[in-house]
2 protein chains.
Amino acid sequence: MSRRPPDISADSPEGPALSEGSTRGLRSSLHDRGQRLTPQRERMLALFHHLGEGRHLSAEEAHQRLRGQGEQVSLATVYRTLRLLSGMGLLKELELAEGGRRFELAGGEHRHHHHLVCVRCGRIEEFENSAVLAAAESAATRHGFHLLEQGVLNLRALCPACAALQGSSLAPS
Amino acid sequence: MSRRPPDISADSPEGPALSEGSTRGLRSSLHDRGQRLTPQRERMLALFHHLGEGRHLSAEEAHQRLRGQGEQVSLATVYRTLRLLSGMGLLKELELAEGGRRFELAGGEHRHHHHLVCVRCGRIEEFENSAVLAAAESAATRHGFHLLEQGVLNLRALCPACAALQGSSLAPS
DNA sequence: GTCGTTGCAAAAGATTTGCAGTCAG
DNA sequence: CTGACTGCAAATCTTTTGCAACGAC
């Protein structure tokens, strides 16, 4: 049932958080793993840096954007790179499901923002709350689990605008 | 990019929660929508009731179980029914991603359990924590959003067994 | 040069859909 | 009876992979 057999050995979720921004950190981090810094990888990360924290893309979207800006990257490589960067802790995989995974820049290790997702228009608001992190840590400890990341709490909701439309029989966007 | 064009018109996220348990409620709820109660639908829901609250299945698993207990249901119908029941608010779609959606009984509105997911072996532990719900409500209020469900907090972690293997160069299961 | 990476095309997995036969109401 | 379901098989979509060419170091 798993669609994700081991492949890239980059899956040490414990990797030390890279100082984002510079290519230098990425290069040496890759080298430590015996891997290489290719233009594709660099551009991919740059794309997310440009996008800014808290905004996410699907594999397909990332591919489109790269091609849009003239880069030569195959979709397969996008998938491979997304996985690699996530494994390195540079990107974070969101679990909003609804047909396709999404990725965003893994911000400073100590920011932990959660999402309020409007199921109607897709608008996303973020918020932070330390109680959530505390709850996560306490649960992990209680079950003997070792937390890899602070989980992201995704709340499905209606934003003010959509909530207003809700009663009136308007078609979803 | 969406893999989910409208089909079953059962997608009113605000639908009144059906009183679970009896076939009666299901039947009339379906009738209100001009739909029918078929053995497949009934058995599907029964399966989840049997399973109990807080336990989830993928479409494939649900199909296996039904067939296992001698039911004659096609996988396509399992998918269709899962969607229908979710749309009616009887089942809840979890967003654990990692290859495949999972569904569980949409239990009493006020139970809210979260997940500790082992990224290595897939083991899932559940826990509850009211602080999380409080945080969710407070955030929704602050942003003017209208919460549809209490979000589920999915924590990516390593279970005790996998954490032990982690250092030694063992291949993932 | 060597060995990790890439692109491509094919494969695999998950979910949806067209259609004709079936059955709930 | 009639229109809503179902099963089946084919179609889609998303993600992964085998392999030969390529390029970072």
Side-chain angles (χ1 to χ4, degrees), chain A residues 1-11 23-24 26-44 57-64 66-67 71-88 93 95-103, chain B residues 1-11 23-24 26-44 57-64 66-67 71-87 93-103:
Chain A
M1 185 182 309
S2 172
R3 207 195 320 169
R4 196 177 189 174
D7 165 27
I8 287 178
S9 54
D11 244 308
T23 285
R24 188 135 315 118
L26 178 55
R27 166 173 284 117
S28 57
S29 248
L30 283 168
H31 284 190
D32 290 349
R33 301 159 159 278
Q35 297 177 308
R36 294 170 186 173
L37 177 58
T38 64
Q40 289 87 340
R41 291 175 179 180
E42 193 173 342
R43 280 158 194 163
M44 189 82 165
L57 298 176
S58 66
E60 188 80 42
E61 286 167 352
H63 185 223
Q64 291 301 302
L66 289 174
R67 309 218 87 186
E71 308 295 356
Q72 166 64 38
V73 196
S74 73
L75 182 56
T77 293
V78 168
Y79 273 105
R80 283 186 283 229
T81 305
L82 242 21
R83 200 150 113 194
L84 173 69
L85 296 178
S86 295
M88 293 175 65
E93 191 176 334
E95 308 192 334
L96 304 181
E98 303 288 337
R101 307 173 191 180
R102 308 188 67 81
F103 298 80
Chain B
M1 184 178 309
S2 171
R3 206 194 320 168
R4 197 178 187 174
D7 166 26
I8 288 178
S9 54
D11 242 310
T23 285
R24 189 136 311 119
L26 178 54
R27 168 173 283 116
S28 57
S29 249
L30 283 168
H31 283 190
D32 290 349
R33 300 161 159 279
Q35 297 176 310
R36 295 171 185 174
L37 177 58
T38 64
Q40 288 87 340
R41 291 175 179 180
E42 192 172 344
R43 279 158 195 165
M44 190 81 164
L57 298 176
S58 65
E60 188 79 42
E61 287 166 353
H63 184 223
Q64 291 301 303
L66 288 174
R67 309 217 86 188
E71 309 294 357
Q72 165 65 37
V73 195
S74 73
L75 182 56
T77 293
V78 168
Y79 274 105
R80 284 186 281 228
T81 304
L82 243 20
R83 200 149 112 195
L84 173 69
L85 296 178
S86 295
E93 190 175 335
L94 299 185
E95 307 188 337
L96 304 181
E98 303 286 336
R101 308 175 190 177
R102 307 186 68 80
F103 298 79

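Per chain, numbering begins at 1; letters A, B, ... match sequence-line order. All of these numbers come straight from a predicted model, not from anything done at the bench.
Considering only residues two or more places apart in sequence or on other chains, A/Thr38 meets the side chain to side chain contact (heavy atoms under 4.5 Å, CB included) condition with A/Gln40, A/Arg41. For B/Ser28, the side-chain hydrogen bond (donor to acceptor under 3.5 Å, both in side chains) criterion is met by no residue, not counting sequence neighbours. Here A/Glu71 pairs with A/Arg43 under the salt bridge (charged side-chain N to carboxylate O under 4.0 Å, His left out) rule; sequence neighbours left out. With sequence neighbours left out, A/Arg67 forms a side chain to side chain contact (heavy atoms under 4.5 Å, CB included) with A/His63, A/Gln72. Taking the side-chain hydrogen bond (donor to acceptor under 3.5 Å, both in side chains) definition, one finds that A/Gln64 meets it with nothing, sequence neighbours left out. Residues passing the side-chain hydrogen bond (donor to acceptor under 3.5 Å, both in side chains) test with B/Arg36, sequence neighbours excluded: none.
Of the side-chain N and O atoms in B/Thr77, one or more sit less than 4.0 angstrom from OP1 or OP2 of D/dG7. Phosphate contact (OP1/OP2 of D/dT6, side-chain N/O of B/Arg41, threshold under 4.0 Å): present. Regarding contacts with the backbone of C/dT15, every side-chain N or O of B/Arg83 stays at 4.0 angstrom or more from both OP1 and OP2. The side chain of A/Tyr79 places no N or O atom within less than 4.0 Å of a non-bridging phosphate oxygen (OP1 or OP2) of D/dT16.
Separation of atoms CD (A/Glu93) and CG (A/Leu85) is listed at 12.0 Å; rounding is to 0.5 Å.
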What string of B, S and - do you get for nucleotides 18-25 of chain D, 5' to 3', when a contact is any protein heavy atom under 4.0 Å? B----BBS
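Using a 4.5 Å heavy-atom cutoff, the side chains of A/Leu30 and A/Arg27 are not in contact.
Overall, the helix from C/dG1-D/dC25 to C/dG25-D/dC1 carries an axis bend of 40° between its ends, with five pairs at each end and the value rounded to 10°.
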